[in-house]
Number of protein chains: 2
Amino acid sequence: MLDKIVKRSQGYQPKQTLFTISDKFSTLYVVRSGSFKTTISASNGREQVTGFYFPGEFIGLEALHMPSYQSTAVALEASSVCALPYKKVQALGESMPRLQSQLLTRLSKELAGDKTFMLLLGKKTSEEKLATYLLSLSKRFEHRGFSAKEFSLTMSRSDIANHLGLAVETISRVFTKFQENGLIVIDGKTITLANINKIQALCG
Amino acid sequence: MLDKIVKRSQGYQPKQTLFTISDKFSTLYVVRSGSFKTTISASNGREQVTGFYFPGEFIGLEALHMPSYQSTAVALEASSVCALPYKKVQALGESMPRLQSQLLTRLSKELAGDKTFMLLLGKKTSEEKLATYLLSLSKRFEHRGFSAKEFSLTMSRSDIANHLGLAVETISRVFTKFQENGLIVIDGKTITLANINKIQALCG
DNA sequence: CGCAACCTTGAGACAGTTCAAAGCTAGTGG
DNA sequence: CCACTAGCTTTGAACTGTCTCAAGGTTGCG
């Protein structure tokens, strides 16, 4: 269905920018391969990682009907995307309510996810935060047909820490503790969830 | 436009529930008068206030195309809403792309707001949090044609604290400090922003 | 008017931060 | 193919913003 409006499928290098807050909004992106992070920043330079995006997921939904993007999106590794020029999506949507409906579904799911994430940021301890985060990644990968137990952490410790509202050092310590307790095994960028039940129990 | 699908306009008492997480999703609500809060809760009983809603604002958007609501909505004062049965919204949307477009806009704005809120929860100090919150309320009221400087805090200190990821005691202390520094004046439930520039400067 | 819920203030405790330094890893060019 | 460097990660130790606990004030409803 979307084939008709995919403008191009483009490659990105690690740290390459997909769009910036100051860019005019024109295009929705769907991750084809690799992974991305989105960030927003406060006036004083502090940054918040607002999300990570994997194959099949939409980037830029929060900018729909806005003059410009509301965040900055950056590739975490060698990645590629499908670009959906929004004008075409909209034009096609007029005759295909299903398409708009698809978008509504994606948006409301991301919204629901963000509300859940507020609970994490506002109420959880560092261990609960990391446990919840790892499990959420696991479920997303599983949903897309990948292993729920073993996957690659393409984002840096610092990105994870920032996203979860913690200092890098804290994340590092919790990773170490989880490993000592046999919950996970880390080998380079690859993490294995050795005891998903125990991780689940730690989520709070 | 929406007149055709408004099912009823109903009144709610303080603390009365609009919907619960366990309720089947069927209806979108638009606040007509008063105010509401939405919350989600963790398995262990901890709760997070995910948002406050004032006249003209939609409640329940994150449940679109979901089997059930994703949060609980409760009236903060005597309030009323317009109920939009989603089936009718959807049916009408087929022939009126504008309507779906309206929904997309609302959703993406709420999404953008939530991303900004992550920055607050993850990176700001207690003073920055409260300053940002007060200013955000001020802008929302101004946008709807009410005073930007003086309005009623219909939610409890405890709701504010919870929403901002702080303890009630901390919020109380910051309110006191802001008052001592001449930033605000509080009289019962009414707050006056005495020095918006200074508050703005504190937002971080 | 009296009770229950809410708000404020104080003092001590602690989770997570900051600062500092050493270990590791991956990418680059000779 | 190895040596070198820059950036990332880990670990330790001291510090601090916010929380928790406790108690006294205030508000508003019935």
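Here is the naming used below: chain letters follow the sequence lines, and residue numbers restart at 1 for every chain.
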- Message: Can you give me the closest heavy-atom contact between B:Gly204 and B:Glu128, atom names plus distance?
- Response: CA-OE2, 3.7 Å

- Message: Can you identify which nucleotide, out of D:dG12, D:dT20, D:dC8, has its nearest atom closest to the A:Lys15 side chain?
- Response: D:dC8

- Which is it for A:Glu57 and A:Arg140 under the salt bridge (Lys or Arg N to Asp or Glu O under 4.0 Å) test, yes or no, and what are the steps along the way? CA-CA 10 Å; A:Glu57 300 179 335; A:Arg140 278 159 79 181; 2.8 Å; yes

- Query: Base, sugar-phosphate alone, or nothing: which one does A:Ser126 contact when heavy atoms must sit under 4.0 Å apart?
  - Reply: sugar-phosphate

- Give one of base, sugar-phosphate or nothing for B:Lys177, where a contact means two heavy atoms less than 4.0 Å apart. nothing

- Task: Rounded to the nearest angstrom, tell me the gap between atom CZ in A:Phe175 and atom P in C:dC24.
- Result: 18 Å

- Item | Separation of atom CG in B:Asn162 from atom C1' in C:dC7, rounded to whole Å | 16 Å

- Query: Would B:Lys189 and B:Glu77 pass as an ion pair if we require N to O under 4.0 Å?
  - Reply: no

- Message: Without decimals, in angstroms, what is the distance between A:Leu76 CG and D:dG7 P?
- Response: 18 Å

- Task: Determine the contact category for B:Leu166: base if any of its heavy atoms lies under 4.0 Å from a base atom, sugar-phosphate if only primed atoms, P, OP1 or OP2 are that close, otherwise nothing.
- Result: sugar-phosphate

- Just say parallel, tilted or perpendicular for the rings of B:Tyr69 and B:Phe19, cut-offs at 30° and 60°. parallel

- Task: Let me know the distance between CZ of A:Arg157 and C1' of D:dT10, rounded to the nearest Å.
- Result: 10 Å

- Task: Among the candidates D:dT18, C:dT18, C:dG16, find the nucleotide nearest to the side-chain atoms of B:Thr125.
- Result: D:dT18

- Item | Value in whole Å for how far the P atom of D:dC19 lies from NZ of B:Lys129 | 7 Å

- Item | Axis deviation across the helix from C:dT8-D:dA23 to C:dG30-D:dC1, five-pair ends, to the nearest 10° | 40°

- Query: With ring centroids as reference points, do B:Phe52 and B:Phe36 lie under 6.0 angstrom apart?
  - Reply: no

- Side-chain atoms of B:Thr176 come closest, of C:dA5, D:dT18, C:dT9, to C:dT9

- Message: Nearest whole Å is fine: how far is D:dC8 P from A:Leu153 CG?
- Response: 16 Å

- B:Glu77 atom CD is separated from D:dT27 atom P, nearest whole Å, by 20 Å

- Are any of the side-chain heavy atoms of A:Leu18 and A:Val81 separated by less than 4.5 Å? yes

- Task: In whole angstrom, give the distance that lies between atom NZ of A:Lys189 and atom C1' of C:dA26.
- Result: 10 Å

- Item | Ring centers of B:His163, B:Phe117 separated by less than 6.0 Å | yes

- Task: Scan B:Ser156 against the nucleic acid and name what it touches under 4.0 Å (heavy atoms): base, sugar-phosphate only, or nothing.
- Result: sugar-phosphate

- Query: Hey, is the side chain of B:Arg173 pairing donor to acceptor with the base of D:dG17 inside 3.5 Å?
  - Reply: no

- Among the candidates D:dT9, C:dT8, C:dC19, find the nucleotide nearest to the side-chain atoms of A:Glu169. C:dC19

